[in-house]
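Report on the structure given below.
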Amino acid sequence: MREYLLILCITAAVTYLLTGPVRKFAIVAGAMPEIRARDVHREPTPRLGGIAMFFGLCAGLLVADHLPNLRGVFENSNEPRALLSGAALIWLIGVLDDKFEIDALIKLGGQMIAAGVMVMQGLTILWIPVPGVGTVSLTQWQGTLLTVALVVITINAVNFVDGLDGLAAGMVCIASAASFMYAYRIWYGYGIEAAAPATLFAAILMGMCLGFLPHNMHPARIFMGDSGSMLIGLILAAGAISVTGQVDPAAMKLNFGGTRDATHAMLPVFIPLLMPLTIIAIPFADLVLAIVRRTWNGKSPFAADRGHLHHRLLEIGHSHSRAVLIMYFWSALIAFGTVAYSVHSTSVWMLLLIVALSAVGLVLLLLPRFTPRTPRWAEAFVPPRYRRSGAAEQGAHGGAEGVHGGAETPVDQEEKTPVAAGVNGATAIGARSRFQDRREAGSSR
């Protein structure tokens, strides 16, 4: 565990220290998109933050290769090299897209090639444990298609939520933390060495996100761009593929008496491909809803709009920071709830706790829909919008309710309409459409 913490700290430090120089390089290189009608930010912000994140990845892998307990991961498995090869390719495509905005089909092809490179070097799904059947081996073509599909879906799901400052990096950091706990338990708890690469990938991914977040929190000084969002999406998928598609449940048959019994007993932990879908549940739901919405309206599934989940949070009255924190909360609840359930699947208290936290999340989600009456003795402990005296003062100053949660004038509503954030609002394989005025950038809800 100490070595994993060391890897995490080194990766975070390298990413953090390089982000500043990368920001200056992005400004000099002209990788600063102009302000468009659908942008949330109001000042040109450089991208290419993925450059610092990629070098953080390289530093983490390099240091891990020289640590005594982690050196075996590189000696016994080719997965770290496979990850680095695929990451380098997808990062290069992202850098070119951040600068030159390459064609959508080229990006899609690059994602598939990057996944194929990892498959060729051994990072692929080999089998699936099925309840009642046991371990089902996949053919080479089945494993390749499933691996490529999971990588492409994860990359685009992560990119779809990269629409607010700090949102994608924070959600992926939460997902990688849950993935680390999941993989570390399989490796250390059951002594299965095949889970060691996934544990290393999760630790490095956490470091990349933590190192980049201080520069990317609202108001962001730099965006990660496609070079960053596609990179962390690929690493997240690679870790999930490694731990769910290569760790054989039959390896635990000594603990449970047989392969079928092991599959049944470890079902909450070893449902293949379920863990990666739970740790990206929010981005994946956003991806599906966006495709359905755009197709229903006769648009391209990859045409950028402002109907994403985080934009809806802004529309109902949440501030930028609170919308991001709410998305963090739901991501953590789903990801860590799944990990906790895998450990105590028969505990009723665990299920009740998850339900209670879900209720808290719904209250926070709907908070702007009502203004609770706060007792005067408690006004000092709540935000100004919930203070009666504050509401009276707002009315005396000409109805400044729009700032503190009240009704806004039509002009204010138009000026503060939530829209997708520059480069962050684009999809990983879709072109960044440009709008001439704000009405054309509007959602078609």
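To the nearest 0.5 Å, the span separating CD1 on I235 from OG1 on T154 amounts to 12.5 Å. Rounding to the nearest 0.5 angstrom, the gap separating the CD1 atom in I27 from the CZ atom in R47 is 13.0 Å. Here the CD1 atom belonging to I155 is positioned 4.5 Å from the CD1 atom belonging to I90, to the nearest 0.5 angstrom. Here CG of N159 is found 9.5 Å from CE of M224. Values are rounded to the nearest 0.5 Å. Atom OG of S176 is separated from atom CG of L8 by 8.5 Å, given to the nearest 0.5 angstrom. Atoms CH2 and CG, from W141 and L145 in turn, are 7.0 Å apart once rounded to the nearest 0.5 Å.
For D226 (side chain) and D97 (main-chain N/O), no donor-acceptor pair under 3.5 Å exists by modelled atom type. At least one donor-acceptor pair under 3.5 Å links the side chain of D98 to the backbone N or O of S227.
With contacts defined as side-chain heavy-atom distances shorter than 4.5 Å, the pair M53/L57 does not qualify. A 4.5 Å side-chain heavy-atom check between I222 and F212 finds at least one atom pair inside the cut-off. Within the 4.5 Å cutoff, the side chain of T144 has no heavy atoms near those of the T139 side chain. The side-chain heavy atoms of L150 and L146, taken from C-beta on, include no pair separated by under 4.5 Å. Considering only heavy atoms from C-beta on, K107 comes within 4.5 Å of I102 through its side chain. Using a 4.5 Å heavy-atom threshold, the side chains of L234 and M118 count as touching. Side-chain contact between L89 and I113 is present, with at least one heavy-atom pair separated by less than 4.5 Å.
Smallest separation of non-hydrogen atoms from L167 and M327: CD1-CB, 3.5 Å. For P80 against V73, the heavy-atom pair with the smallest separation is CG-CG1, 3.9 Å. For the pair F74 and L70, the tightest heavy-atom approach, listed with the atom from each and the gap, is CD1-O, 3.6 Å. The two residues L84 and C58 have their closest heavy-atom pair at CD1-SG, 4.1 Å. The two residues S331 and M171 come nearest to each other via the heavy atoms OG-CE, 2.8 Å. Nearest heavy atoms, N216 versus G166: OD1-N, 2.9 Å.
Among residue pairs with one or both ends in residues 4-27, none qualify as side-chain hydrogen bond (donor to acceptor under 3.5 Å, both in side chains); sequence neighbours excluded. Screening residues 197-207 for side-chain hydrogen bond (donor to acceptor under 3.5 Å, both in side chains), with sequence neighbours left out, gives no hits. Each side-chain hydrogen bond (donor to acceptor under 3.5 Å, both in side chains) pair with one or both residues in residues 59-74, not counting sequence neighbours, appears once here: E3-N69.
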Check step by step if salt bridge (Lys or Arg N to Asp or Glu O under 4.0 Å) holds for E75 and R81.
CA-CA 11 Å; E75 296 174 350; R81 300 176 185 85; over 6 Å; no

Take L205 and I232 through the test side-chain contact (heavy atoms from CB on, under 4.5 Å) and record every step on the way to the result.
CA-CA 7 Å; L205 185 55; I232 61 177; 3.8 Å; yes

Test side-chain contact (heavy atoms from CB on, under 4.5 Å) applied to M217 and D165, step by step:
CA-CA 5 Å; M217 293 301 292; D165 297 348; 6.0 Å; no

Can M208 and F54 be said to form a side-chain contact (heavy atoms from CB on, under 4.5 Å), step by step?
CA-CA 8 Å; M208 295 166 59; F54 177 75; over 6 Å; no

Can you check side-chain contact (heavy atoms from CB on, under 4.5 Å) on Q111 and L108, steps first, answer last?
CA-CA 5 Å; Q111 295 169 14; L108 177 59; 4.2 Å; yes

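With sequence neighbours excluded, the residues satisfying side-chain hydrogen bond (donor to acceptor under 3.5 Å, both in side chains) with W187 are E193. With sequence neighbours excluded, the residues that form a side-chain hydrogen bond (donor to acceptor under 3.5 Å, both in side chains) with T147 are T124. Contacts of S242 classified as side-chain hydrogen bond (donor to acceptor under 3.5 Å, both in side chains), with partners at least two apart in sequence or in another chain: E79.
Within 6.0 Å of the CZ atom in F25, the count of heavy atoms belonging to other residues, nucleotides or ligands does not exceed 12.
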